[in-house]
Amino acid sequence: LEAEVRAGRSLNGAHLSRADLSRAALIGADLSLADLSDAHLSRAALRGADLSGADLTGAFLSEANLSKADLSGADLTGAILSEANLRGANLSGADLSGADLSLANLYGANLHGAILSGAYLSDAKIDGAIPVTRNTPFAVNDLTQTVASSLVLRRCVDSGNALLDDLLIRWSPTFPDRTATFRQVL
């Protein structure tokens with residue numbers, strides 16, 4: 001595969017699902033629209049590669065060098081990009097839902113329109129990244145019920161129908177802690 005890239009051959013649309021490309025030197029490779037789902041690309045050199053529109057769902061890209069790579073419109077759902085170098089990469093319109101970007105270097109990366117719903121960004125370096133916009137979706141998953149129920153409780157307390165010190169079992173007889181109050185669980 002590396003010889004194909006060195007010879008300047010395009011791997012556009014290639015089917016490389018579940019391939020082991022760990023430590024592969026694919027610098028500047030044309031992998032646009034390629035199927036790399038569940039592929040192992042840990043420590044691969046993909047600097048400047050064209051991965052636009054590629055399917056990288058569940059791919060393992062830990063410590064891969066993707067600096068200045070074009071990942072626009074790529075599907076990286078659930079991909080592992082921990083400690084990956086994405087400095088200056090184009091991630092515009094990419095789906096990074098549930099991706100692990102912990103400790104990744106995103107300095108100067110273009111995240112315009114990227115979907116980061118449920119993405120794990122712990123200790124990721126995002127200085128200088130082109131910011132997400134107000135339309136970039138983020139998951140609120142478990143917060144939705146918490147916020148909605150807090151607003152309902154507030155309305156009940158304000159109208160005098162409930163007190164913060166009411167026992168929860170008054171409102172939910174199957175609640176496991178028979179002595180818990182609204183105030184305690186908030």
Side-chain angles (χ1 to χ4, degrees), residues 10-22 24 26-151:
S10 173
L11 297 170
N12 176 291
H15 296 282
L16 299 165
S17 179
R18 296 193 174 120
D20 186 357
L21 300 169
S22 300
L26 301 170
I27 297 165
D30 179 3
L31 290 158
S32 57
L33 303 173
D35 179 2
L36 291 156
S37 56
D38 298 311
H40 288 268
L41 292 148
S42 60
R43 297 186 178 168
L46 291 155
R47 187 173 54 253
D50 182 356
L51 291 151
S52 58
D55 181 358
L56 291 150
T57 55
F60 189 74
L61 293 145
S62 185
E63 298 182 60
N65 184 352
L66 292 151
S67 62
K68 301 197 180 197
D70 183 359
L71 291 146
S72 59
D75 188 351
L76 292 141
T77 305
I80 307 297
L81 292 145
S82 56
E83 298 185 64
N85 181 4
L86 291 151
R87 185 182 182 106
N90 181 6
L91 292 156
S92 63
D95 188 348
L96 293 150
S97 299
D100 180 359
L101 291 154
S102 57
L103 298 168
N105 181 359
L106 292 157
Y107 185 85
N110 180 355
L111 297 169
H112 181 74
I115 300 169
L116 298 164
S117 178
Y120 185 67
L121 294 158
S122 178
D123 296 317
K125 296 172 186 74
I126 57 173
D127 300 344
I130 295 172
V132 294
T133 66
R134 71 171 59 185
N135 296 325
T136 301
F138 284 88
V140 290
N141 296 342
D142 298 334
L143 290 177
T144 303
Q145 289 178 329
T146 303
V147 170
S149 58
S150 295
L151 293 172

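Side chains are part of it too, since the values below use all heavy atoms of this structure and drop only hydrogens, waters and symmetry mates.
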> Roughly how far, to the nearest 0.5 Å, is CG of L86 from CD1 of I126?
Replying inline: 12.5 Å
> Can you list the residues that meet the salt bridge (Lys or Arg N to Asp or Glu O under 4.0 Å) rule with E63, with sequence neighbours excluded?
Replying inline: R43
>> To the closest 0.5 Å, what do you measure between CG (D55) and CG (L76)?
In response: 9.0 Å
>> Rounded at 0.5 Å granularity, tell me how far CG in L31 sits from CG in L71.
In response: 10.0 Å
>> Could you report the tightest heavy-atom contact between L103 and K125, atom names first, then the distance?
In response: O-NZ, 4.2 Å
> Between S62 and S82, do the side chains contain an N or O donor and an N or O acceptor separated by less than 3.5 Å?
Replying inline: yes
>> Working to the nearest 0.5 angstrom, can you tell me the gap between I80 CD1 and D100 CG?
In response: 5.0 Å
> Say you draw a straight line from CG of N90 to NE2 of H112; how long is it, rounded to the nearest 0.5 Å?
Replying inline: 10.5 Å
>> Looking at every non-hydrogen atom in both residues, tell me the closest pair between A124 and L106 and how far apart they are.
In response: CB-CD1, 4.4 Å
> In Å, rounded to the nearest 0.5 Å, how long is the span from CG of D70 to OG of S72?
Replying inline: 3.5 Å
>> Using side-chain contact (heavy atoms from CB on, under 4.5 Å), reason through R87 and Y107 one step at a time and then give a plain yes or no.
In response: CA-CA 5 Å; R87 185 182 182 106; Y107 185 85; 3.5 Å; yes
> Which atom names give the shortest non-hydrogen contact between N12 and S32, and what distance separates them?
Replying inline: ND2-OG, 2.6 Å
>> If I compare all heavy atoms of L81 with all of A104, which pair ends up nearest, and what's the gap?
In response: O-CB, 3.6 Å
>> Can you confirm whether the side chains of D123 and S102 place a donor and an acceptor under 3.5 Å from each other?
In response: no
> Which pair of non-hydrogen atoms, one from A114 and one from L91, has the smallest distance, and what is that distance?
Replying inline: CB-O, 3.5 Å
>> For the backbone of D35 and the side chain of S17, can you confirm whether one donor and one acceptor N or O come within less than 3.5 Å of each other?
In response: no
> For A64 and L41, which heavy atoms make the closest approach, and how far apart are they?
Replying inline: CB-O, 3.6 Å
